[in-house]
Amino acid sequence: MKIVFMGTPDFAIPVLDNLVTEHEVVAVYTRAPKISGRGNRVNKTPVHLWAEAHHIPVYTPKSLKSVEEQNILQQHQAQLAVVAAYGLILPQTVLDMFPRGCINVHASLLPRWRGAAPIQRAIEAGDKQSGVSIMQMALELDAGDVWAQEAVTIPPYMTGGQLHDALSTVGGRLLLKTLRQLDTLSPTKQDETFACYANKIDKAESLLNFIMPAERILDKIRAFNPYPAMYFLYHGERFKVYEAELVDVSGHPGQIIEGEHELIIAAQNNAIRITKIQREGKQVMDVSALLRGFRFEKENI
RNA sequence: CGCGGGAUAGAGCAGCCCGGUAGCUCGUCAGGCUCAUAACCUGAAGGUCGUUGGUUCAAAUCCUUCUCCCGCAA
């Protein structure tokens, strides 16, 4: 099938990898390169780089609302558009442009976690399972009819990064399977009563607030590992927390209970033992390694 | 040229401002001690202090070139 692919971040790469094995991807749409990263260089998106490496034409319109862009899109004469974390809103004209419409790969079991950050929000909320949905796109965000779903169990220590990788792998596989069965399957409407939204990750959320139950703090640490990573400030220096575990002791929330042989900080109830940490300018390391040359005083943070 | 931090023994760090024989906590190895806490005691090995050039009687330290790593912001 002739397909136009639309996507931007790493999540879309395994989907693309799978797609090209059975279909003809005639054009790749992705977000325009932007100034980002250290040194403020102009960087292309992961999908952009992938497409160039595979010699597939790349298009980076700022919007698909203009007639000009829509005409270009039409000229690809694709039967279907596959969308995976593209980042642009598709107007109704575009949704109707292809004989088979637009199909979206979404990293949650819809209708739960519609929106921008379904992976992190699922872990942050303590969900025991997540999954991938293949959905016929509608104008309303992530509300289209669902062709297929595959669940993925979230083990207690799974991080956001691990779930991301797991779901993108499943997504690529499930998409292919669904496309093969497109003529025999019939999509299911989403039950609106179970819909909830995964808000974008805000940097301000990554400052650790110890006035909450330790279990919730641990969920946030897992969800935000490796990005953007929860952090706390100690003597004005930022320490990113990558892994931690529950400890059955208590103290004033934010108090460093132990900081010499291990790092334990009190939460609202119980406490957390931080096991993987990153100091400013340093690599991520085991806390035990850091504590060979560094010591936390038993203060409140 | 967006802002900033870093590179010192296998690991993590201090020393640099204020130049004067390379330190700490661990790890490793050897020996000793022990009912006992992540045991303790003694000793040893292990460094061209990231790279280039300069200043100086003398550079980990001051100036300079380059490389690599990282945080922030966007």
Side-chain angles (χ1 to χ4, degrees), chain A residues 7-12 29-49 58 60-63 85-89 115-117 119-121 124 159-162 164-165 198-210 217 220-251 254-266 270-299 301:
Chain A
T8 294
D10 286 322
F11 181 81
Y29 278 67
T30 189
R31 296 289 288 271
K34 62 175 180 180
I35 292 174
S36 65
R38 209 172 287 135
N40 278 5
R41 300 182 202 289
V42 176
N43 291 312
K44 294 173 179 174
T45 72
V47 165
H48 195 141
L49 295 171
V58 180
T60 60
K62 288 191 174 63
S63 162
Y86 181 30
L88 287 189
I89 293 191
I119 299 171
Q120 285 98 331
R121 295 305 179 198
E124 184 188 9
T159 65
Q162 289 163 353
H164 169 279
D165 294 347
N199 293 328
K200 266 198 298 195
I201 304 294
D202 182 346
K203 276 284 180 63
E205 295 177 69
S206 60
L207 174 58
L208 271 166
N209 170 16
F210 290 94
I217 293 176
K220 288 200 82 156
I221 290 170
R222 281 195 304 137
F224 284 26
N225 169 354
Y227 182 83
M230 299 298 291
Y231 71 93
F232 62 87
L233 294 173
Y234 174 81
H235 293 186
E237 193 179 347
R238 181 186 299 242
F239 288 81
K240 286 188 170 184
V241 179
Y242 286 87
E243 286 178 18
E245 56 198 28
L246 188 66
V247 184
D248 186 20
V249 296
S250 55
Q255 182 192 4
I256 297 178
I257 295 174
E258 173 61 52
E260 191 175 336
H261 299 298
E262 51 183 358
L263 178 55
I264 297 177
I265 304 177
N270 297 323
I272 62 170
R273 174 189 293 114
I274 294 168
T275 53
K276 266 201 171 30
I277 199 164
Q278 181 181 33
R279 196 178 173 188
E280 282 181 20
K282 301 291 189 177
Q283 316 253 13
V284 180
M285 65 183 75
D286 289 339
V287 167
S288 61
L290 177 65
L291 292 180
R292 278 182 201 120
F294 191 88
R295 177 179 299 193
F296 292 95
E297 303 299 330
K298 292 179 181 176
E299 307 170 351
I301 56 174

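Order of the sequence lines sets the chain letters (A, B, ...), proteins ahead of strands, with each chain counted from 1.
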Tell me which of Leu291(A) and Ser36(A) sits closer to the 5' end of RNA chain B, going by the nucleotide each one is nearest to.
Leu291(A)
Measure the distance from CZ on Phe239(A) to P on C70(B) and round it to the nearest whole Å.
18 Å
Mate of A58(B) across any strand shown (Watson-Crick or G-U wobble, both atom pairs under 3.5 Å) is none
Using a 4.5 Å cut-off on heavy atoms from C-beta on, say whether the side chain of Leu291(A) contacts that of Phe296(A).
yes
Can you tell me the distance, in whole Å, between the NZ atom of Lys276(A) and the P atom of G12(B)?
13 Å
Can you tell me how far C1' of G5(B) sits from CD of Gln278(A), to the nearest Å?
12 Å
Could you measure between the two C1' atoms, the one in A58(B) and the one in C66(B), and give it in whole Å?
26 Å
Separation of the C1' atoms in U51(B) and G46(B), to the nearest angstrom
23 Å
Report the residue (Arg279(A) or Gln283(A)) whose heavy-atom-nearest nucleotide on RNA chain B is the more 5′ of the two.
Arg279(A)
Residues which pass ring-ring contact (aromatic ring centres under 6.0 Å, His included) with Tyr86(A), listed by chain and number, not counting sequence neighbours:
none
Using the C1' atom in both, what is the distance from G54(B) to C69(B), to the nearest Å?
27 Å
Taking atom C1' in both U61(B) and U55(B), what distance in whole Å separates the two?
13 Å
With distance as the sole test, does Asn225(A) use its side chain to make a donor-acceptor pair with the main-chain N or O of Thr159(A) at under 3.5 Å?
no
Between G50(B) and G12(B), how far apart are the two P atoms, rounded to whole Å?
14 Å
Can you tell me the distance, in whole Å, between the CZ atom of Arg38(A) and the C1' atom of G5(B)?
10 Å
Complementary nucleotide for A7(B) - Watson-Crick or wobble, under 3.5 Å:
U67(B)
In whole Å, measure the gap between the C1' atoms of C26(B) and C40(B) for me.
16 Å
So if I define the base as every atom that isn't primed, P, OP1 or OP2, how would nucleotides 6-11 of chain B read as a B/S/- string at a heavy-atom cutoff under 4.0 Å?
S----B
C1(B) to A7(B) separation - C1' atoms, rounded to the nearest Å:
23 Å
Please enumerate all residues that pass salt bridge (Lys or Arg N to Asp or Glu O under 4.0 Å) together with Glu124(A), with sequence neighbours excluded.
Arg121(A), Lys220(A)
Determine the interatomic distance between P on C70(B) and the same-named atom on G27(B); round to the nearest Å.
29 Å
Walk me through whether Ile201(A) and Tyr227(A) qualify under side chain to side chain contact (heavy atoms under 4.5 Å, CB included).
CA-CA 10 Å; Ile201(A) 304 294; Tyr227(A) 182 83; 5.8 Å; no
The Watson-Crick or G-U wobble partner of G19(B), with both key distances under 3.5 Å, is none
Donor-acceptor pairs are to be reported for all side-chain atoms of residues 228-239 of chain A against protein atoms at under 3.5 Å, with residues two or more places apart or in another chain.
| residue | atom | partner | partner atom | Å |
| --- | --- | --- | --- | --- |
| Tyr234(A) | OH | Glu297(A) | N | 2.8 |
| His235(A) | NE2 | Glu299(A) | OE1 | 3.0 |
| His235(A) | NE2 | Glu299(A) | OE2 | 3.1 |
| Glu237(A) | OE2 | Arg279(A) | NE | 2.8 |

Rounded distance in Å - NZ (Lys240(A)) to P (C69(B)):
16 Å
With sequence neighbours excluded, tell me which residues meet side-chain hydrogen bond (donor to acceptor under 3.5 Å, both in side chains) with Asp286(A).
Lys276(A)
Across all strands shown, which nucleotide pairs with U51(B) by Watson-Crick or G-U wobble geometry, both distances under 3.5 Å?
none
Atom pairs and distances, side-chain donor-acceptor, residues 241-248 of chain A, under 3.5 Å, sequence neighbours left out:
| residue | atom | partner | partner atom | Å |
| --- | --- | --- | --- | --- |
| Tyr242(A) | OH | Gln278(A) | OE1 | 3.0 |
| Glu245(A) | OE2 | Arg273(A) | NH1 | 2.8 |

Whole Å only: how far is the CZ atom of Phe294(A) from the C1' atom of C24(B)?
15 Å
Met285(A) has a side chain; which of G12(B), C70(B), A38(B) sits nearest to it?
G12(B)
Rounding to a whole Å, what distance do you find between His261(A):NE2 and G27(B):P?
12 Å
Asp286(A) atom CG is separated from C13(B) atom P, nearest whole Å, by 12 Å
